[in-house]
Amino acid sequence: MTDRFDPAVADRRWQQRWEEAQSFRADSNSPKPKSYVLEMFPYPSGRIHMGHVRNYTMGDVLARFRRMQGFEVLHPMGWDAFGMPAENAAMEKKVHPGAWTRENIATMRRQLQRIGFALDWSRELATCEPDYYGHEQALFLDLMEAGLVTRKESEVNWDPVDMTVLANEQVIDGRGWRSGAVVERKKLSQWFLKITDFAEELLDGLGSLDNWPDKVRLMQENWIGKSQGLQFCFRLATSMPGGTCDIEVFTTRPDTIFGASFVAISPGHPIAEELAAGRPEVAEFIARARAGGTSAAEIETAEKLGFDTGLEVVHPFDDNWRLPVWIANFVLMDYGTGALYGVPGHDIRDYEFARKYRLPVLRVVADTTAGASAPVTEADTAPGVAVNSRFLDGMPTSDATAEVIRRAETAGWGTGKTQYRLRDWGVSRQRYWGTPIPVIHCDSCGPVGVPRDQLPVVLPDDVSFDIPGNPLDRHPTWSKVDCPSCGGPARRETDTLDTFVDSSWYFIRFASQPGNQPFDRAEAEKWLPVGQYIGGVEHAILHLLYARFWTRALERMGKLSVKEPFEGLFTQGMVTHETYESADGRWLNPDEIEIREGGVLVERATGANVRRGRVEKMSKSKKNTVDPEPILDRYGADAVRWFMLSDSPPERDLEWSEGGIEGAARFVQRVWRLAQSPTGNEGEDKALARKVHRTVAAVGEAIEGLQFNKSVAALYELTSAIERAQPSASRDEAIRTLLLLVAPGAPHLAEEAWASRSEDGMIADAGWPSFDPAMLIDDEVTIAVQVNGKLRDTLVAPRGTSREDAEALALALPKIQAQLGGNDPRKVIVVPDRLVNIVA
RNA sequence: GCGGACGUGGCGGAAUGGUAGACGCUGGAGACUUAAAAUCUUCUGCCCAUUGGGCGUGCGGGUUCAAGUCCCGCCGUCCGCACCA
């Protein structure tokens, strides 16, 4: 063995050994307890980036740790392989999306394998292959049969650049999440999954997810957006009394019903559209109302626009009370009923609208009944007691709310209702590179599911991308099929599924992948739910909500007895790097920078000064990426892995730095040198043995809590302690334990060192060391001595020293004597084995 | 606007209400070397100083023998949502 650890040789050697031994193959029939560790599978964009490396290293440490603890571990990897970039590549580079994707997968698989992840490659899957998406089509048919798929003509978010529909979740500040283009509204017939059927369950289930970040649970809760209130109908003044429902509204504040001064409907409301048909000025107003953008800034400053239709409705509690009907730009068509009644006194938005259009502002809630006549100078949204509200007067807000609902229900003009912000999930995409929706449209039979014996519906290969839009639409033959129901001529659905459908069940397919069905229930249930799921917080809503929905849908259909797919969730921080900007405003890659004497940055090519920019997430646009591959060449897998675990807490951002990777590489060599020290020593080193036990406890606890930075710090401490210790049997044992503790993070080093010390077998198969709780405590303790809470001295005493003795020892200290200046202490607090505080 | 998180040395960060700054990075000094790299030793919160002392966890209050940690009020940074009736 050499005096330096050589990753160029060792990495490959051990990766091969693990492969030969099938060390990380997950056996579904193993009698051992199961542990399912999963990282969010990557989109095969081309090459692995540092974010992937960090994500997968964390999961790998946990997977290896669990394995050493005696679990049968499932730690799989696959590819979220459908999506727009492949089609963009097809258009730009004239390559087929499939060829482009599969080539990327090959590259990225090879890159991942270089890092030595303990993955079960036998379960690898790619969502773009028929043996995956065919099963997805079967599941879609199951959902159709269960009534969880609907087809609706609806106004959709249309991305004019990608030429496709976007889900609400994919519209960010009014722009497409991928293209960045301003999203347009368009009416189309679309397939929807009825996620709203599960709104209550999905909300409820969050309560059971104790091992999820609060932040993510809260985001999902807000996204589902439950609110309770009253839904009821207004009758137009021109309609006949009795049961006519002209304008339906929803309110969470029925208690303010006597404060209503107008009714507002959305520009997209049927009544508005009807009026527009006959009156140009209405049509003109609607066009103007819709023109406003939906970006954050635009909404902030957006003027409230209203148009008085001249129509009037009748107040439900008073036949003689008329309210004007306005069309208003702030009323959303797709929330509630697309109409509301305005209570300017107690709603900020209504107040603004009423002041602008000089509508009455009434007070119907006050702190006490005495405040009934207090003028309203701004919308008062706080609860209180009802005033100026007839039979409600004097009731607290909550009672008044209940009373109005009760009366509405008794009289039959309204009902208490729970409203959700969550909408059904539109899954149709006008794209080629996605899972074909297994439906055939027949003029006489309507949409019919593709018979299961005709699955998978495979994407045709002969497509062209020279013009925008969906190539499936213009394929000469693919869509022409016979109706499975009547045999007549019919047309295959040419929309494909949103790629989030692909990622909504891949974790189930990883657990069980039979050829003839999506998964084997019994086998899947052995592994599920995923014990620990790790990924970026950017999926806090979209992917995680869809996957939860999909799992619950399977559960409701009786196909799986798992309600929540991910028991534990961890959202890791990003990998960041400084940015560099040249004098003329170009972003420069770290490779193009040279550090001169005195820390001055210059551009390598020109020698010109470079401005140091903010530390930001690695991105191509800021050119601050560091490609993992050259780093692996230079430092080896373990140094890179170790750096990913060091310093920053995993949930926070990690700044890539040269110093950091150097430090990690240095540690790898330090451990190697220790492992090369002679064995067979005799004698006990109790202090070192204690340190070992404490470190075993600390590292285990840290990994368990995914606090890798702390486990790294504890291992640095142990390493230093061993380096300082004299040779002894305890020291030999300490080195052996150190290797075991380092193994999940730096597996190649650990294996190589393990072998060099002639240990049996591979360290990958070794057991995690245990510790003796009795060894965690020292015989001697350092006791802090404070005067008035300020530290003045310390003393060393045997552990278990009595309160009296500790107090006496403390008072005898010269520094304490000096502090007291001859006076008696007023009070002495003793915390045994920790501290003495003298109150002077 | 609503909701949430965070604020500790030059930097990343540690700290069951009980010795603030573990561990790492950076930097200084020294050893080894013809030299360099590597490695090792040692120092490194700030201020005054000879022993020693004072000040320190965004700011202002409070609770406590004791507060980075708990409570109240500010300030700042970051994240999520977006006219949600």
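Everything quoted here is computed from the prediction, not taken from an experiment.
Using a 4.0 Å heavy-atom distance criterion, A:Leu835 is classed as a base contact. No engagement by A:Arg217 is indicated, since no non-hydrogen atom pair under 4.0 Å with the nucleic acid exists. Contact annotation for A:Asp350: no contact, since no heavy-atom pair falls under 4.0 Å across all strands. Contact annotation for A:Arg826: no contact, since no heavy-atom pair falls under 4.0 Å across all strands. When heavy atoms are screened at a 4.0 angstrom cut-off, A:Thr782 is found touching base atoms of the nucleic acid. Heavy atoms of A:Thr252 sit under 4.0 angstrom from primed sugar atoms or phosphate atoms, though from no base atom.
When distances are taken from the side chain of A:Leu340 to each of B:A38, B:A85, B:G13, the shortest belongs to B:A85. Minimum atom distance to the side chain of A:Lys710 is reached by B:A15, of the listed B:A85, B:A15, B:G18. The side chain of A:Leu218 has B:G3 as its nearest neighbour among B:A85, B:G3, B:C83.
Between A:Glu658 and A:Arg634 a salt bridge is recorded (basic side-chain N to carboxylate O distance below 4.0 Å). Ion pairing of A:Arg799 with A:Asp778 is absent here, as no side-chain N (NZ or NE/NH1/NH2) approaches a carboxylate O to less than 4.0 Å.
Under the Watson-Crick and G-U wobble criteria, each requiring two contacts below 3.5 Å, nucleotide B:U51 is left unpaired. Checking B:G24 for Watson-Crick or G-U wobble geometry (two distances, each under 3.5 Å) identifies B:C11 as its partner. Using N1 to N3 plus N6-O4 or O6-N4 for Watson-Crick, or N1-O2 and O6-N3 for G-U wobble, each under 3.5 Å, B:C70 pairs with B:G62. In this entry B:G3 has B:C79 as its Watson-Crick or G-U wobble partner, both defining distances falling under 3.5 Å. Searching all strands for a Watson-Crick or G-U wobble partner of B:U39 with both distances below 3.5 Å returns B:A31. As the counterpart of B:A85, no nucleotide is assigned, since no Watson-Crick or G-U wobble pattern has both distances under 3.5 Å.
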Item to check | Evaluation steps, ring-ring contact (aromatic ring centres under 6.0 Å, His included), between A:Phe232 and A:Tyr341 | outcome: CA-CA 10 Å; A:Phe232 70 95; A:Tyr341 71 82; 5.7 Å; yes
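A:Asp350 places a side-chain N or O within donor-acceptor distance of the main-chain N or O of A:Val343, the cut-off being under 3.5 Å. At distances below 3.5 Å, at least one donor-acceptor pair connects side-chain atoms of A:Gln669 with backbone N or O atoms of A:Phe5. Within the 3.5 Å criterion, the main-chain N or O of A:Glu616 finds a donor-acceptor partner in the side chain of A:Asn624.
Taking for each of A:Arg673 and A:Pro649 the nucleotide of RNA chain B with the nearest heavy atom, the 5'-most of the two is the partner of A:Pro649. Along RNA chain B, the nucleotide closest to A:Ser657 and the one closest to A:Gly225 are compared, and the more 5′ of them pairs with A:Ser657.
No cation-pi contact links A:Arg4 to A:Trp672, judged by a cut-off of 6.0 Å to the six-membered ring centre and 45° from its axis.
For A:Arg652, a side-chain nitrogen or oxygen approaches OP1 or OP2 of B:G13 to under 4.0 Å. Contact annotation: A:Arg666 side-chain N/O to B:C25 OP1/OP2 distance is under 4.0 Å.
Of the C1' atoms belonging to B:U69 and B:G18, the separation is 11 Å, rounded to the nearest Å. The P atoms of B:U16 and B:G76 are separated by 30 Å, rounded to the nearest whole Å.
Within residues 712-727 of chain A, the residues that have a heavy atom under 4.0 Å from RNA chain B are, in order of number, A:Ala713, A:Tyr716, A:Glu717.
Shown here are the ring pair (Phe, Tyr, Trp, His ring centres under 6.0 Å) partners of A:Phe330, two or more places apart in sequence or in another chain: A:Phe353.
A donor atom on one side chain and an acceptor atom on the other are found under 3.5 Å apart for A:Gln220 and A:Arg548. A:Gln231 and A:Glu248 are linked by a side-chain donor-acceptor pair at a separation below 3.5 angstrom, with hydrogens and angles left out of the test.
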Atom pairs under 3.5 Å: protein N/O with N/O of nucleotides 64-70 of chain B:
| unit_1 | atom_1 | unit_2 | atom_2 | d |
| --- | --- | --- | --- | --- |
| B:C65 | O2' | A:Asn837 | ND2 | 3.1 |
| B:C65 | O2 | A:Asn837 | ND2 | 2.7 |

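The nearest whole Å value for the distance from the CZ atom in A:Arg349 to the C1' atom in B:C83 is 6 Å. Rounding to whole angstrom units, CZ of residue A:Arg4 and P of B:U39 are separated by 7 Å. In this entry the distance linking CG of A:Leu791 with P of B:G53 reads 11 Å, nearest Å.
Note on ring orientation: taking the six-membered ring where Trp is involved, the planes of A:Tyr335 and A:Phe250 are perpendicular (angle over 60°, cut-offs 30° and 60°).
For a distance-only test at 3.5 Å, the side chain of A:Arg253 fails to qualify as a donor-acceptor partner of the base of B:A85.
The glycosidic torsion of B:G68 lies more than 90° away from 0, placing the base in the anti range.
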